[in-house]
Amino acid sequence: METRMLNVRINGRAYEVPEGITILKAAQEYANIDIPTLCYLEGISEEGACAICVVEVKGAKNLQRACVVKVTDGMEVWTNTARVREARKLNVELLLANHPTDCFTCEKNQICRLRELAAEVGVREVEFPRTRSEWLPFDETSLSLIRDPNKCVLCRRCVNVCAKVQSVYAIDIVGRGSNSMVSTFLDEGLGNVECVNCGQCLLVCPTGAITERSEIPQVWKALGNPDKVVVVETAPAVRVAIGEEFGMPDGTQATGKMVAALRGLGFDEVFDTDFSADLTIMEEGYELIGRLKNGGTLPLITSCSPGWIKFAETFFPHVLDHVSSCKSPQQMFGTVTKTYWAEKMGIDPRNVVVVSIMPCTAKKFEKERPEMKTAFHYWQEKMGLRDEEAFNDVDYVLTTREAAQMIRESGMDFANLPDEQFDKPLGESSGAAVIFGATGGVMEAALRTGYEVLTNKTLEKLEFEDVRGLAGIKSAEVNIDGTILRVAVANGLGNARVLMEQVQKGESPYQFIEIMCCPGGCLGGGGQPISDHPDVKQRRAEAIYREDAGKPIRKSHENPEIVEIYKEFLGEPNSEKAHHLLHTEYCDRSCE
Amino acid sequence: MIRNELLICAGGACITSGEKSVKDALIEELHAHSIQDEVQVIETGCMGACDLGPIVVVYPEGTFYQKVTPETAHLIVSEHLVKGRVVESLLYTEPETQEKVQSGAEIPFYTRQVKRVLRNCGVIDPLSIEEYIARDGYFALATALGMTPEGIIDVVTESGLRGRGGAGFPTGIKWKATRNARGTPKYVVCNGDEGDPGAFMDRSVLEGDPHSVIEAMTIAGYAVGAQKGYMYVRAEYPLAIERFDWALRKAREYGFLGENILGSEFSFDIEIRIGAGAFVCGEETALLRSIEGKRGTPSVKPPFPAQAGLWNQPTLINNVETYANIPQIITRGAEWFRSVGSSKSPGTKVFALAGNVKNTGLVEVPMGTTLRELVFDIGGGIPGGKEFKAAQTGGPSGGVITADYLDMPIDFDTVKELGTIMGSGGLIILDEDSCMVDVAKFYLGFTVDESCGKCTPCREGTRQMYHTMERICEGKGRDGDIEQLGRLAEVVRDTSLCGLGQSAPNPVLSTLRFYEDEYRAHIYDKKCPSHVCKHLLTYSVIADKCVGCTACARQCPSHAISGEVKKAHIIDQSKCSKCGTCYEVCRFGAIQKE
Amino acid sequence: MKSLEELKRIKEETLKEMDLRQAKERGKIVVAMGTCGIAAGAKDTLLSIIDELDKQGIHDVKVVQSGCMGLCDREPTVEVSMKDQPAVVYGDVDDANARRIIREHVGAGKVVADLVIRRENI
């Protein structure tokens with residue numbers, strides 16, 4: 001059915017726009033007018049709360065909200081009359097009146113939408129006093145995220161993302177009127193409720209109300225400690241996004257510069273999480289084959305996304321025996337570094353500091369999970385260590401943003417750094433590893449290895465387009481030399497929930513499912529540069545697949561360093577040693 | 001053989017005034033005289049004259065006894081019922097002529113009223129469905145089921161009935177839009193949240209004549225194509241909930257709700273949903289969210305509930321009083337409905353008359369009745385010999401009507417021109433001693449408390465306005481405050497998401513329009529002309545009246561008064577906290593308050 | 001509840017029970033219930049009147065009590081004032097007489113001359 005075109009006038013000029021479009025979109029796409037917004041987030045948060053995007057519509061008594069009001073035939077809209085400008089200015093002033101004034105030191109001052117908005121509407125004076133009598137306490141209960149309710153402008157984007165996109169519902173508005181605020185159940189704090197630490201709320205917050213728990217000071221300290229060997233690993237999704245922090249175009253492959261910058265910060269070894277991604281594929285691929293051959297629990301579900309893991313533990317504890325026992329690449333890396341590598345290099349594992357750069361805020365939580373002290377247990381008996389001397393496999397997690405901040409602090413001109421290579425032996429990776437950063441990547445990587453192992457034949461076409469792309473749920477039937485393997489990929493927990501409900505009922509038609517907590521996969525993680533470009537995820541994904549295509553080795557089992565670690569240290573995939581070091585357990589957090 | 005009926009008003013106000021004890025005393029006395037089988041005692045809904053309660057009406061005489069106490073109740077039995085002697089001391093006294101009035105119908109408070117919505121309140125036992133039927137109850141439903149839905153909507157449209165909840169939207173148009181909307185199921189909702197402070201019209205209907213609303217909702221369901229109705233009542237109305245629930249049971253028992261009503265193919269039932277203390281849930285979209293179990297915050301309109309309401313389905317939502325008008329429109333027709341009221345606002349309106357007026361309570365008058373009639377003829381004028389100053393209408397969403405407009409007929413459109421709204425019918429009368437700044441501040445404070453907090457202008461803007469009003473009333477007003485209030489009021493009204501915010505500035509704007517001089521006195525002279533705003537009062541000793549009894553000095557909590565015994569005292573203004581205690585305790589009129 | 005007929009039936013029946021609250025415009029019957037009246041049996045007279053009105057299907061006439069009318073030696077006394085007609089006081093109104101008055105005066109409009117003890121001056 002064809003869309004009807006309507007005649008509208010915007011600021012006195014005539015335009016033809018399709019029926020069903022909002023005033024906001026019509027102005028933007030047809031009249032080159034960017035009506036300022038604050039609380040609007042297309043498809044997620046369309047509440048009309050902030051009253052900034054108001055416009056005059058002929059015949060309407062009050063000003064109308066451009067973001068939600070649809071155009072009608074013959075509508076006349078004015079976006080810049082004195083009445084409109086006064087309303088926008090005053091509403092911004094009202095928000096500023098109760099906003100903390102520490103902009104100089106606020107972590108988000110470069111990207112704060114409120115600050116930008118004040119400049120856009122031209123506020124030069126706030127004639128209103130602060131009316132809130134109390135300063136609200138910070139929520140610092142979470143290992144990943146910190147909330148400052150004083151900076152909250154009650155735009156409700158975070159609430160809507162957590163509810164509609166992630167289906168976690170950890171936060172909501174409590175209280176009424178000017179006492180209302182975003183909070184958790186009984187104000188328990190994010191760390192004590194269902195929050196999975198994904199940081200999607202942080203990505204959409206227009207002010208500094210939600211930030212990550214920073215580990216920059218600890219990392220600087222470690223780097224400055226001559227007794228420590230500080231090792232860094234970087235996730236695949238970081239390298240295609242970190243350039244944005246330095247003004248480079250969306251989707252720049254900045255791998256080489258990233259390595260150079262990290263080396264410039266003073267890391268003793270710059271390794272690649274992609275190495276352990278290949279390791280994960282080996283372990284998980286063989287796990288899948290094992291379950292397929294021996295009638296194990298199917299579908300097998302991936303386990304590298306800590307936000308997804310906490311989600312499963314909280315909402316779907318009964319599907320936990322479907323989840324792969326493999327640790328995430330970050331955690332495998334930490335274990336391998338402090339056992340295999342430390343042993344090989346003759347370094348006391350207690351002096352090895354593992355720092356990971358992640359697109360993810362949940363990884364800050366993951367590294368603290370009590371079971372993630374595998375290296376310590378490996379060494380405990382050999383070195384006669386007491387329980388109190390336990391150390392984490394991964395010591396510090398920095399988001400892409402935090403890493404960029406450290407690079408800034410050290411004055412390096414990132415965009416103009418020469419490309420450098422990762423260190424060996426934990427820096428080599430295949431193309432299959434780098435695609436972990438995109439939704440469908442783990443699935444595709446596993447299929448590349450799984451196919452060849454199962455059939456003993458060479459896979460002709462390495463690309464599995466059916467599982468690529470930003471759609472919420474993707475499914476495919478993969479022909480493994482006659483056997484059909486039914487697979488599904490979900491990104492965003494709302495979509496994960498759909499698939500898990502099927503699994504829980506025993507109605508899942510799939511044998512292998514990849515779940516990524518964040519929409520788009522890790523490239524859209526809570527630790528990534530904050531961007532309002534509508535196609536930034538698309539660009540990052542394209543960069544990831546370009547990176548894969550440009551790699552000489554594109555299958556995990558062909559990575560020579562992987563071959564070596566098995567030969568020298570682990571034996572075989574899923575061996576007992578591999579199980580002890582590279583696999584983990586989950587717990588029921590559902591309070592049932 | 002029943003030879004007399006005692007109708008006792010059991011509306012909320014009379015119950016609070018001890019109606020139960022009066023009833024018990026009457027029954028006891030009936031037994032004492034062994035006439036309990038000849039006299040029937042019936043509790044009815046609100047009779048309207050709330051400050052005359054508890055009220056007992058003796059039938060068939062129609063003798064109206066007011067301010068009956070448990071101690072005096074026995075006289076009604078022993079004197080009137082047994083000996084046929086009217087109890088003069090309990091009769092209403094006409095204030096002008098001092099004459100005793102026997103018949104309720106002749107009391108001036110009632111003579112000018114036209115009871116349509118309140119036709120059964122105070123006449124029937126609200127718990128008796130048979131009495132409702134005896135007064136033509138459920139005949140409208142029977143008639144309606146024999147008409148087409150379109151035919152019903154036509155009659156409602158022709159009648160010109162406009163929503164009585166405050167917006168005054170043409171009811172017929174709303175019904176039509178809901179009927180025409182696509183989607184099943186559809187729902188019918190009744191807004192019984194009645195949040196305006198001092199308004200109790202809807203409560204009285206729900207308590208006194210619940211079946212009228214049930215019947216109307218069922219007719220509405222048939223007309224728009226819904227099978228399910230929801231009655232949303234505020235939690236603060238437990239008696240209304242109880243009576244409505246009882247009425248629902250009775251209606252189901254008699255087959256007026258449920259499957260195949262009155263032998264037709266139409267099935268309909270109603271569920272009660274209770275509010276939880278939020279004024280904003282009287283706003284239709286917030287109310288619907290509340291029924292859905294979500295936070296009661298308003299949603300963006302459009303879409304309107306008729307298109308997408310409860311659970312995104314087409315929903316008809318109307319106010320209690322609007323529904324209460326429907327049955328008679330069906331049985332008596334649109335012409336009859338239009339026979340009173342004004343042409344653009346036909347019918348009657350129930351007002352809750354309160355404040356500085358002699359006769360407070362519920363009054364139902366034709367639209368177009370003048371304020372003068374309401375205040376003086378029905379209300380009995382201002383007590384204490386004071387002058388009328390203004391009438392505040394429409395609760396916290398409305399403004400004031402000054403003495404200059406006493407002869408203005410009141411209907412939806414006329415009040416709008418004056419910058420106020422009819423609202424749900426709250427009518428607070430203010431006398432010459434009222435401070436208009438304080439009145440505006442009071443209403444604004446209510447709105448600030450009740451704002452849901454979703455949109456910036458209402459949440460922050462009304463709070464800033466209130467902050468400024470507080471400063472003004474505390475003597476900290478500044479040059480520029482009036483302009484600031486105007487600036488805020490404009491944007492709050494223009495950009496708030498719902499009616500609560502959009503109308504929140506009305507009390508301030510209205511009082512600024514007519515009483516700017518009072519604002520200026522507060523701001524520039526630091527004085528409250530009506531002597532209401534505590535912080536702006538100055539208490540001083542009138543030296544030649546002071547006998548030096550030291551009573552004030554001893555009671556002063558701030559130790560601000562000094563003086564020797566038998567000598568004139570003096571108040572230290574710098575210490576005075578303006579509590580007014582000295583003014584209260586002085587027996588010699590020696591404290592001046594200005 | 002299945003039909004309009006049933007509704008009408010309930011209405012009729014209940015109206016009868018609510019009879020006392022209806023507007024009764026056609027006339028008023030006052031029964032003197034002072035001490036002398038009660039001693040003479042005015043109470044029974046009252047009940048007889050109500051009963052006979054019901055029997056005759058007359059619902060638009062009010063029956064009230066008053067104190068002593070002053071005609072104590074002719075108790076029970078009953079005053080009948082029909083609309084637009086002069087009021088008539090009857091004396092010695094026992095059960096039989098009461099019923100006569102209802103049938104003849106209130107029902108048929110003919111004053112029962114032999115029981116009249118006072119008439120209102122025109």
Side-chain angles (χ1 to χ4, degrees), chain A residues 22 38-40 46-56 60-65 67-70 72 82-99 114 126-133 153-156 159 163 172-182, chain B residues 276-281 285-286 294-303 416 445-468 470-471 476 478 480-481 483-484 486-504:
Chain A
T22 58
L38 179 62
C39 72
Y40 177 71
E46 292 168 341
E47 307 237 21
C50 66
I52 301 292
C53 70
V54 290
V55 293
E56 246 186 83
K61 189 175 70 153
N62 298 337
L63 294 178
Q64 301 295 301
R65 285 155 164 73
C67 64
V68 288
V69 173
K70 300 206 169 90
T72 55
R83 182 177 161 203
V84 168
R85 282 182 283 114
E86 164 69 2
R88 286 195 198 139
K89 226 185 205 174
L90 191 134
N91 280 325
V92 174
E93 268 181 71
L94 287 173
L95 289 174
L96 294 177
N98 276 308
H99 203 79
L114 183 62
V126 179
E127 70 165 288
F128 306 111
R130 187 180 160 78
T131 55
R132 303 235 164 85
S133 51
V153 291
L154 292 166
C155 71
R156 291 157 153 80
V159 171
D172 206 338
I173 309 282
V174 306
R176 187 170 75 201
S178 42
N179 295 323
S180 54
M181 52 184 267
V182 175
Chain B
F279 174 71
V280 71
C281 283
T285 58
K294 299 191 184 133
R295 255 177 86 84
T297 53
S299 315
V300 172
K301 292 194 281 200
K416 244 192 241 173
F446 178 82
T447 313
V448 168
D449 255 353
E450 296 291 338
S451 165
C452 80
K454 182 163 164 180
C455 72
T456 311
C458 178
R459 180 184 75 239
E460 305 288 339
T462 59
R463 182 34 83 138
Q464 292 285 356
M465 284 178 77
Y466 185 74
H467 192 84
T468 304
E470 268 188 323
R471 269 195 301 103
K476 298 184 192 146
R478 295 192 287 258
D481 277 346
E483 290 72 18
Q484 189 196 77
R487 192 180 169 222
L488 283 165
E490 191 59 41
V491 176
V492 172
R493 195 178 54 183
D494 223 359
T495 61
S496 286
L497 186 59
C498 82
L500 189 157
Q502 287 158 10
S503 60

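Order of the sequence lines fixes the chain letters, A, B, ..., with proteins taken first and strands second; residue numbering starts at 1 for each chain.
Interface remark: V153(A) contributes backbone atoms only to the contact with chain B (heavy atom separation under 4.5 Å). Heavy-atom distances place no part of S299(B) under 4.5 Å from chain A, backbone and side chain included. Residue contact with chain B, scored on non-hydrogen atoms closer than 4.5 Å, involves the backbone and the side chain of T131(A) alike. Looking at E127(A), both its backbone and its side chain come within 4.5 Å of chain B, counting heavy atoms on both sides. Contacts between V174(A) and chain B at a heavy-atom distance below 4.5 Å involve the backbone alone (N, CA, C, O). Using a 4.5 Å cut-off between heavy atoms, P457(B) touches chain A through backbone and side chain atoms alike. Only the backbone of K61(A) comes within less than 4.5 Å of a heavy atom of chain B; no side-chain atom from C-beta onward does.
Here E56(A) pairs with T81(A) under the side chain to side chain donor-acceptor pair (under 3.5 Å) rule; sequence neighbours left out. The salt bridge (Lys or Arg N to Asp or Glu O under 4.0 Å) test applied to R295(B) returns no partner, not counting sequence neighbours.
Interface summary for chain A: among K301(B), E450(B), R493(B), the most heavy-atom pairs under 4.5 angstrom belong to E450(B). Listed options N179(A), L38(A), L95(A), D172(A) were ranked by heavy-atom pairs under 4.5 angstrom with chain B; first place goes to L95(A). The candidate with the highest count of non-hydrogen atom pairs below 4.5 Å against chain B, out of A51(A), C39(A), C50(A), is C50(A). In terms of heavy-atom pairs under 4.5 angstrom with chain B, the leader among V54(A), I52(A), I173(A) is I173(A). With chain A as the partner, the residue from T297(B), V492(B), V300(B) showing the most heavy-atom pairs under 4.5 Å is V300(B).
Separation of atoms CD (Q64(A)) and CG (D494(B)) is listed at 9.5 Å; rounding is to 0.5 Å.
Checked for salt-bridge contact, R487(B) and E86(A) meet the test: a charged N lies under 4.0 Å from a carboxylate O.
Of all heavy-atom pairs spanning A87(A) and T495(B), the tightest one is CB-CG2, 3.8 Å. The two atoms that bring R156(A) and K454(B) nearest to each other are NH1-CA, 3.5 Å, heavy atoms only.
Under the 4.5 Å side-chain criterion, counting only non-hydrogen atoms from C-beta, R459(B) is not in contact with L94(A). Residues F128(A) and H467(B) have side chains not in contact (no heavy-atom distance under 4.5 Å, counting atoms from C-beta outward). Side-chain contact between C455(B) and R65(A): present, with at least one pair of heavy atoms (C-beta onward) separated by less than 4.5 Å.
Here the side chain of R176(A) pairs no donor or acceptor atom with the backbone of G453(B) at under 3.5 angstrom.
Side-chain contact check for R463(B) and S178(A): at least one donor-acceptor pair (N or O, by modelled atom type) lies under 3.5 Å.
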